[in-house]
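Structure record follows, encoded as structure tokens.
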Amino acid sequence: MPIVAMALVVLLFGVFLWVLHRSEREEETLTLIKDVLWVEQNLHFQLTSDEEKLQYLAESLGREDTAPVNYSVMARHIVTVNPAIQRVVRLDPQGRPVRSEPPVDDGPALDDAFGPSPRADAFLIARSSGRRAYSAPYRLGAADTAFEVVIPIFRGQEFAGALAGVLSIDALLTHHVPWWFAQRYQLEVIDPYGAVLGTKSRIAMPEPRRSHVVPFDPPGHGLTLVATLHQLSGNLGRNILIAAIFALTVSALWSLWAVRRHIARRIRAEEALRAEHAFRKAMEDSLTVGMRARDLDGRIIYVNPAFCRMVGWSAEELVGAGPIMPYWLPEDLVHTEEVFRAVLAGNAPANGFELRFRRANGERFDALIYEAPLIDAKGRHTGWMGSVLDITERKRAEELARQQQERLQQTARLITMGEMASTLAHELNQPLSAIASYCTGCLNRLQAGSIRPDELATALEKLSGQAKRAGQIIRRIHDFVRKSEPNVAPCCLSQVLEDCVALMEADARQQGVKLVLEMGRGLPAVMADRILLQQVAVNLMRNGIEAMAATRRDRRRLSVTVQEVDGSVLTRIQDRGCGISPENAEKLFSPFFTTKTEGMGMGLNICRSIIEHHQGRLWFEPAADGGTVFLFSLPVLSAPSLTDATESQDERPQDV
């Protein structure tokens, strides 16, 4: 009801303003009409006065035979006293100009100093009627318009010519329209065609509201006076009062509406708060993550049911407890208190931290804790909120997965070595055959007794070299396939790749593949497991060799490049094989996906897992000249780098 009442007040106030505005407009219209009629009468009076003066001069010229008249003096006096009259012209009985005041520079033969004028029609009317006559308006100079009044001259009953007075419309408006009228109105003289012949206004850029039109007669000929009311400033005090009343009314109406809306909003907020509280209580009761809140002194102020189930104590037993907490391990109190102080100091790790707690029955469990500031509704820091996750089973699962991954990697290495067994057997057969040949030759020469010591030494050195070569092959095979615990340590990737190239040398030679190793100079060390990196490199190199089975033998080339790029050691293994089709590219690293007839589909998946475990990245790109490029990058060791053992050597590719 208050809102309806205020709305009615506003409505009535608007009606009052409309009635007042309408009354003002009617009053302005009546004032406009009266003022225009007054100006029209004033101009009519001035024209009548000018006519009388010209009539007196004409009558004087008609009596010139009895009393000579000084035409120039009287005409100049008329022009001087009456600013609207621009010129007085004496016409002969044929209507030709005889004398003009002010005089015309070119002589009396000219029609007029201002050019031709429609004087002839007015002259004929004046001669035939014997009364004054007005001409039609015409252009006077560049920016003015004039009309003429022609008064006949008679000597007795004989027509002796006429007297023409040239009247400027602008001068007439300028000198005979008062300033107060120009302040309020714009006055214009308009011909029948709508052209503006003269105007007067003190407003530089008028903004018309209403206008009134009256005939301008004399001079007639369809001329009209048009007065237009300007947009003037109204009553400032009244407008301010009206605006203040309207503003107060609107403010009161808005206040009532705001109060109503506030009450409705508060009711909705209370209902939403009750619903939200019930919802959050149900959500907290259903959480499996433990929630624990502590104040700035470290005392527990809130625990949810999940945390109580996790530690085995009730909320009543935990709320209000301070250091030392009942679920802390007695044997690890020093470390737990250090972490506790770091959290209260605001130095809790953003990624969380792990602690071991105990349950009420004495069982130990691993917990992952995330701490965040507890902020109240006023933005004040009042404590810390912690999320506690029991990660005991997760850690067991991670350990089991790690062991399974190691077994899978070991199996993959054994399978790779099994595929390379025939080639390696042939590779081992060469040094062993050479050793047997050297031994047989030495025995034969010794039995013959014809060998010299220097010849025996040379043969034994060659035999020793072949034995070392066989030993290196066996050592690489043993290192590659042996099962060992992960050993992450600084290592030089170039040395790892050299061993891999030596291991794949026989297989590449058997397939007719040219194996090229290019190493950058002074490569930094990486933190990695040497055996796992060998497994990745051997797998990628073997895939590249097999991919070139359909390539011409003269184009079979496998390039292995290692260099430092943007804080990482980047390895590129490029072949010239058939490439990877788009449909296989998306599934290439998926488990159990393979394009080989007898493959397991785990090689590339294991390689990616190994590289990502070392915080690196493994991907592939199509090669520019055909084939595929497999790339993997490993972060550079932040500690002082382990430089390449061949740092002092020139940087050059090695062909095997």
Side-chain angles (χ1 to χ4, degrees), residues 38-64 66-92 97-105 108 110-115 117-119 122-123 126 131-155 160-182 187 189 197-202 216-221 223 225:
W38 183 88
V39 168
E40 191 271 337
Q41 291 296 326
N42 186 46
L43 293 177
H44 182 75
F45 173 78
Q46 293 297 331
L47 288 176
T48 302
S49 176
D50 294 341
E51 291 171 5
E52 290 176 354
K53 293 173 183 177
L54 293 173
Q55 182 70 36
Y56 178 77
L57 179 58
E59 292 175 355
S60 298
L61 293 175
R63 296 190 302 268
E64 195 173 21
T66 59
V69 177
N70 192 341
Y71 170 77
S72 298
V73 174
M74 295 182 67
R76 188 179 301 111
H77 177 74
I78 292 174
V79 172
T80 303
V81 174
N82 301 277
I85 300 176
Q86 301 294 307
R87 182 173 300 279
V88 177
V89 182
R90 172 74 181 274
L91 305 176
D92 62 8
V98 179
R99 300 178 63 182
S100 176
E101 186 62 38
V104 181
D105 295 338
L110 293 178
D111 181 60
D112 191 68
F114 302 103
S117 62
R119 184 186 300 145
F123 177 80
R131 301 173 60 83
R132 66 180 183 276
Y134 284 88
S135 70
Y138 60 91
R139 180 64 58 187
L140 183 63
D144 195 4
T145 306
F147 60 89
E148 295 185 5
V149 54
V150 180
I151 299 175
I153 301 174
F154 291 94
R155 289 195 180 101
L163 188 67
V166 181
L167 286 85
S168 169
I169 294 178
D170 283 344
L172 185 67
L173 297 179
T174 300
H175 294 89
H176 300 301
V177 176
W179 65 269
W180 59 265
F181 190 90
L187 185 64
V189 178
L197 305 180
T199 181
K200 180 174 183 180
S201 174
R202 294 200 175 192
F216 189 21
D217 188 15
H221 292 281
L223 299 184
L225 291 174

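Summarising the geometry, atom CG belonging to D144 is positioned 10.0 Å from atom OH belonging to Y138; distances are rounded to the nearest 0.5 Å. If you take CZ on R132 and CG on L163, they are separated by 13.5 Å, rounding to the nearest 0.5 Å. For the atom pair CG of L54 and CD1 of I85, the computed distance is 4.5 Å after rounding to the nearest 0.5 Å. Here the CE-CG distance, from M74 to L61, works out to 7.5 Å after rounding to the nearest 0.5 Å. Residue Q55 holds its CD atom at 9.5 Å from CD1 of I153, rounded to the nearest 0.5 Å. A distance of 12.0 Å separates CG of L172 from CG of L197, quoted to the nearest 0.5 Å.
Of all non-hydrogen atoms in V166 and A146, the two that sit nearest each other are CG1-CB, 4.0 Å. When all heavy atoms of D170 and T174 are compared, the pair lying nearest together is O-OG1, 2.6 Å. Heavy atoms only, all atoms of each residue included: A133 and A122 are closest at CB-O, 3.5 Å. Closest approach of V177 to K200, counting heavy atoms only: O-NZ, 2.6 Å. Across all their heavy atoms, A84 and D50 have their closest contact at CB-OD2, 4.3 Å. Minimum heavy-atom separation, F147 to P137: CB-CA, 4.2 Å.
Residues passing the ring-ring contact (aromatic ring centres under 6.0 Å, His included) test with F154 are F159, sequence neighbours excluded.
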**Q.** Criterion side-chain contact (heavy atoms from CB on, under 4.5 Å) on I78 and E101, from CA distance to verdict
**A.** CA-CA 10 Å; I78 292 174; E101 186 62 38; over 6 Å; no
Q.
Using the rule given for side-chain contact (heavy atoms from CB on, under 4.5 Å), can you reason through R119 versus S135, listing the C-alpha separation, both sets of side-chain angles and the distance that settles it, and then say yes or no?
A. CA-CA 6 Å; R119 184 186 300 145; S135 70; 5.5 Å; no
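Using modelled atom types, no side-chain atom of S49 and backbone atom of F45 make a donor-acceptor pair closer than 3.5 Å. With T145 contributing its side chain and R139 its backbone, the two residues share no donor-acceptor pair below 3.5 Å. In this structure, N42 contributes its side chain and H176 its backbone to a donor-acceptor pair below 3.5 Å.
Under the 4.5 Å side-chain criterion, counting only non-hydrogen atoms from C-beta, L47 is not in contact with V149. Side-chain contact check for H44 versus T48: some heavy-atom pair is nearer than 4.5 Å.
Between W38 and W180, the ring planes lie tilted relative to each other; the angle falls in the 30° to 60° range.
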